[in-house]
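A, B, ... follow the sequence lines: proteins, then strands. Residue 1 opens every chain.
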Protein chains: 2
Amino acid sequence: MNQETGHAVTYQYDAEDKVLAAVDCIIFGFDEEDLKILLIKRGFEPEKGKWSLVGGFLKKEETMEDAATRILELYTGLDNIYMEQVATFSEVDRDPVERTISTAYYALINIREHSKNLIKQFSAQWFSVSNAPHLIFDHDRMVQHALQRLRNRSATEPIGFDLLPQKFTMRQLQKLYEAIWDAPFDKRNFINKINSLNIIDKLDEKDMTTSRKGSYLYQFNAEKYEKREGKFLI
Amino acid sequence: MNQETGHAVTYQYDAEDKVLAAVDCIIFGFDEEDLKILLIKRGFEPEKGKWSLVGGFLKKEETMEDAATRILELYTGLDNIYMEQVATFSEVDRDPVERTISTAYYALINIREHSKNLIKQFSAQWFSVSNAPHLIFDHDRMVQHALQRLRNRSATEPIGFDLLPQKFTMRQLQKLYEAIWDAPFDKRNFINKINSLNIIDKLDEKDMTTSRKGSYLYQFNAEKYEKREGKFLI
DNA sequence: GTCCATAGTGTCGTTTTTACACAAAAGATA
DNA sequence: TATCTTTTGTGTAAAAACGACACTATGGAC
């Protein structure tokens, strides 16, 4: 088998061609108004003081999913986070110091639940997606890619609920989708649509924090979701 | 900055954690009836004699897109192929010999145009997607993932044309979409839908190979596609 | 008791989707 | 040369989904 046949070189590999594999996480949160991402201020060179996604290197004994899970827990204190691989970025000079390829994951968390201590410890900060600072390396591209993926996925899968408290109002749900899509929805059409999906339960409780009248709380019902026929959500 | 802070370890990286980065390509073709993928029979251990995707290793001086382009040209003789990254696979033991992560790309080619010499040289063979042999490592998962991506993408982008000759009949186009979706479409509804998109031109020529009456040939019109408003195709 | 801000609700016209059947062409064949 | 056969090509009507749109209900604040 000659050198030219691709996989044939598997066991004649050149150790020179080994690379560092990194994982960078786009952590999305929702504060009842805007879609946000969690960024950290780099405390070391290069690009010290610049804003960056949270990330880390893949270790020998873990998968990328493991690494992403580890990094997410490190920076938020949370495990069991919804997470999806976005893409791998491999520009030769993307990291100026060492040849590194990075696989981006986006994650959805309930913004009220993560550890405030860790936020402080890492000089982390939430930014509105539409108003975030420029990021180092190719992280801006990663965010855009993740956002697009989030839009597509949230149209067919019930992942938006991961960004909300377990009990939420219709108003919150609508604002969430408006934030994700950066577009307004008609209130009645939205509610009719959601109700027709038959995947959330209306509770007897009301949230009294945003109006005198109060608004009913709802809850995602995973069983109903699994049994349902249609494919799309929004 | 301590070891725990993710990116902080960038320049204290452990060379032990470097990995081999591979690229594997799911090459799709369409033979007027079935959606096919190009596979090669491995000529070396491990898994010698088993069927495999075409692939190769990422080199220090190239991006993953470069590597995929190189591999595609190596096995098909074609450049300028439509190609999209699917995902990166990183199970620790996916390659039994060396820690390797692999990024899958799918590619769409006109099945009549690639090099028959290369097919012979690499013991390559076309298989219907629905009837392909089991593949080595995690290549079956890669194919499923690629197929799903192809379905999603072909619903919003005019990429199906890359699988057809430049001039094609409505019948071929319909069969292509039926093959991609593994579902039948109504002939009249399909044609009405395609015509309403206003992105292909009807030519004066007919293809006489499949019927006595002959059927008109059509051609994708990129300018019309760029100017059009709607978002979805199918 | 009035004010005020937010919650909650239904209809109708338009557009899109789906289901469905027959005539035309032209070479093959008798 | 008539007819058989196979494939192409075409339209309509009913159903479903979508989009636009405005008023009443609630209940605490004042």
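Checked by atom type, the side-chain pair B:Asp66/B:Thr63 shows a donor-acceptor distance below 3.5 Å. Checking A:Ser102 against A:Asp24 by side-chain atom types alone, a donor-acceptor pair falls below 3.5 Å. Judged purely by distance below 3.5 Å, without hydrogens or angles, the side chains of A:Ser115 and A:Asn117 never pair a donor atom with an acceptor atom.
The ring-ring contact (aromatic ring centres under 6.0 Å, His included) check on A:Tyr216 picks up nothing, with sequence neighbours excluded.
Taking atom CG of B:Asn192 as the reference point, atom C1' of C:dT17 lies 11 Å away to the nearest angstrom. At whole-Å resolution of the value, CD in B:Gln172 and C1' in D:dT7 are 14 Å apart. Atom CD1 of B:Ile194 and atom P of D:dG9 are 14 Å apart (whole Å). For the pair A:Glu33 CD and C:dT6 C1', the interatomic distance rounds to 14 Å; values are reported in whole Å. Computed from coordinates, the A:Phe185 CZ to D:dC21 P distance equals 17 Å when rounded to whole Å. If you take CD1 of A:Ile191 and P of C:dA7, they are 9 Å apart, rounded to a whole angstrom. The distance from atom CG of B:Asn195 to atom C1' of D:dG9 is 11 Å, rounded to the nearest whole Å. With rounding to whole Å, B:Leu197 atom CG is found 13 Å from C:dT16 atom C1'.
Taking 4.0 Å as the cut-off between side-chain N and carboxylate O, A:Arg151 and A:Asp182 do not count as a salt-bridged pair.
Residue-environment remark: NZ (B:Lys116) exceeds the threshold of 12 foreign heavy atoms within 6.0 Å.
Between B:Phe122 and B:Tyr75, the gap from one ring centroid to the other is short of 6.0 Å.
Here A:Lys187 lies in heavy-atom contact (under 4.0 Å) with a base.
In this structure, the nucleotide among D:dT8, C:dT18, D:dA20 sitting nearest to the side chain of B:Asn189 is C:dT18.
Applying a 4.0 Å cut-off to non-hydrogen atoms, the residues of residues 201-216 of chain B that approach DNA chain C are B:Arg212, B:Lys213, listed by residue number.
Nucleotides of DNA chain C nearest to A:Arg188 and B:Arg188 differ in position, and the one nearer the 5' end is that of A:Arg188.
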